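Take a look at the structure below.
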There are 2 protein chains.
Amino acid sequence: MPIDANIHIPQETARRLSLYLRSLKRLIQNKTKVASSEEITRFLNVSSVQFRKDLSYFGEFGRRGIGYDVETLRQEIGKILGTNVVRKIALIGVGKLGFALLGYPGFLELNLQISAAFDNDPEKIGKVLAGIKIEDIRRMKELIINRGIKIAVLSVPADEAQGISEKLAGSGIKAILNFAPVNLSLPGNIYVSNVDMASELESLVYKLKRGRL
Amino acid sequence: MPIDANIHIPQETARRLSLYLRSLKRLIQNKTKVASSEEITRFLNVSSVQFRKDLSYFGEFGRRGIGYDVETLRQEIGKILGTNVVRKIALIGVGKLGFALLGYPGFLELNLQISAAFDNDPEKIGKVLAGIKIEDIRRMKELIINRGIKIAVLSVPADEAQGISEKLAGSGIKAILNFAPVNLSLPGNIYVSNVDMASELESLVYKLKRGRL
DNA sequence: ACGTGTGAACCGATTCACAGCA
DNA sequence: TGCTGTGAATCGGTTCACACGT
């Protein structure tokens, strides 16, 4: 039972925790009180052993021979992930994709709140979309610092992404979810995660081509 | 030099090939004729050894002591990935996200052509967005079969995703890029790849919380 | 008997270390 | 000497096999 914070936790485990949260929420809606690892992972494609192994990095949450108390487990995982606290995020670039992200319900579900949105298009600046006012990107640093935002979602054109991400780094942003199809090179203390839709699809096409032909 | 098609190729390698393509295109734009693995990977975050290892699964493309001919390598990787042929894809669900995907330039760049788009909203059906006519989702099977589409991008609400994906499977679709935050359970001969934006962001937040605090 | 928790074995992928060719 | 290509070592993560508590 390693409540020991120094132990190494696989990053894949961290990624799966939010899937477990979703599954637990569904079970709670179904009024399920107790569930086995098998039931919790039934609609994820994660094995029940994987689930138990993942939890074992954080402690013991189940009862042998019985299963898990769904509600308390949800709270525990929420605490681990930090979804019990609302976190502010900034959205940079309100083009088509950015607009879609403004209304994306998945963020709210994990207590991630878009607290600022920026664009450089004078047509958009000042408008309110999905309840959020679009600010001039020239005020980015100022507002990010003022509002104490540490996380940014970057949905700007590829050729602007590197420059803007450097300004984000200079504004105290610590983590960036990057939708632009370029690799950002930034100081090592900034976490970057890339969502590369075309490349994802391409590798799927490749598999298809190779697997079936 | 394994031109041997039976050899096992890591799926991570397949995913990186499209990154290499992008890098090579940039070099071609810069009029570079020959480049070392070091130069090709400079703006990716992939090591040069990784790059060479990846290529080694498909053959020998470089010249020792010199580097790679940029243009021929681009063609070779294009052939491997199949981006030399235009592939038709279908877009299911033209909400905010779907609309953003309609205009996403990254697909075209990899020769992936959106050849059909579907929605169930009568307001949208018949409209033309980004040059593509939105069709009634009830005609999905018919049109996908007629047009010989094998790849679908699914951007519908979470609670509809499973049902629609089953219909896609029944329409001869072989690969799905799924944006809905649910796991699709489908026959094993259908490739599914998930883009889970909220979960991606959440794992970033977790890292941040853990790394720096 | 049932379902959790976990060290050990295993597997896929990355990195090392160096041989090979220009 | 410079840079590619690759078997061997290593690493991170998953799966196995089983001990443990109820």
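Everything numeric in this text was worked out from a predicted model, so none of it was measured. Numbered from 1 within each chain, the chains take letters A, B, ... in sequence-line order. Note that these values count all heavy atoms, side chains included, but never hydrogens, waters or copies made by symmetry.
Contacts of B:D69 classified as side-chain hydrogen bond (donor to acceptor under 3.5 Å, both in side chains), with partners at least two apart in sequence or in another chain: B:T72. Not counting sequence neighbours, the partners of A:A130 by the side-chain contact (heavy atoms from CB on, under 4.5 Å) test are A:L102. Remark: A:E38 pairs with A:S36, A:R42, A:S48 by the side-chain contact (heavy atoms from CB on, under 4.5 Å) rule, at least two apart or across chains. Residues satisfying the side-chain contact (heavy atoms from CB on, under 4.5 Å) criterion with A:K33, sequence neighbours excluded, are absent altogether. Not counting sequence neighbours, the partners of B:E200 by the side-chain contact (heavy atoms from CB on, under 4.5 Å) test are A:R15, A:L177, A:S193, A:V195. The ring-ring contact (aromatic ring centres under 6.0 Å, His included) check on A:F51 picks up A:Y20, A:Y68, with sequence neighbours excluded.
A side-chain donor-acceptor contact under 3.5 Å links B:N178 to the backbone of B:A180. The closest donor-acceptor contact from the side chain of B:T13 to the backbone of B:I9 lies at 3.5 Å or more, if one exists at all.
One atom, OH of A:Y68, and another, C1' of D:dG21, lie 13 Å apart when rounded to the nearest Å. Taking atom CZ on A:F61 and atom P on C:dT4, their separation rounds to 14 Å, with Å as the unit. What separates CZ of B:F51 from P of D:dT4 is a distance of 8 Å, to the nearest Å. Rounded to an integer number of Å, the gap from CG of A:N45 to C1' of D:dT14 is 14 Å. Taking atom CD1 on B:I9 and atom C1' on C:dC11, their separation rounds to 18 Å, with Å as the unit. If you take CZ of B:F58 and C1' of D:dT6, they are 15 Å apart, rounded to a whole angstrom.
Contact annotation for B:R16: backbone-only contact, meaning every heavy-atom pair under 4.0 Å involves sugar-phosphate atoms and none involves a base.
Using a 4.0 Å cutoff on non-hydrogen atoms, the parts of residues 17-44 of chain A near DNA chain C are A:S36, A:S37, ordered by number. Contacts between residues 69-80 of chain A and DNA chain D, defined by a heavy-atom separation below 4.0 Å, involve no residue at all.
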Donor-acceptor pairs under 3.5 angstrom involving side-chain atoms of residues 111-119 of chain A: please list them, not counting sequence neighbours.
residue	atom	partner	partner atom	Å
A:N111	ND2	A:T83	O	2.4
A:S115	OG	A:Q113	O	3.1
A:D119	OD1	A:D121	N	3.0
A:D119	OD2	A:V94	N	2.6

(message) Return a single string for nucleotides 15-22 of chain C, one symbol per nucleotide in 5' to 3' order, where B is base contact, S is sugar-phosphate-only contact and - is none, cutoff 4.0 angstrom on heavy atoms.
(response) BB---BBS
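Residue pairs meeting the salt bridge (Lys or Arg N to Asp or Glu O under 4.0 Å) criterion with at least one partner in residues 85-109 of chain B, sequence neighbours excluded, are B:R22-B:E109. Sorted by first and then second residue, the side-chain hydrogen bond (donor to acceptor under 3.5 Å, both in side chains) pairs with a member in residues 152-165 of chain A read A:Q162-A:E166; sequence neighbours excluded.
Between A:H8 and D:dG13 there is a side-chain N or O to OP1 or OP2 distance below 4.0 Å. In this model, the phosphate group of D:dG12 is not approached by any side-chain N or O of A:Y57 to a distance below 4.0 Å at OP1 or OP2.
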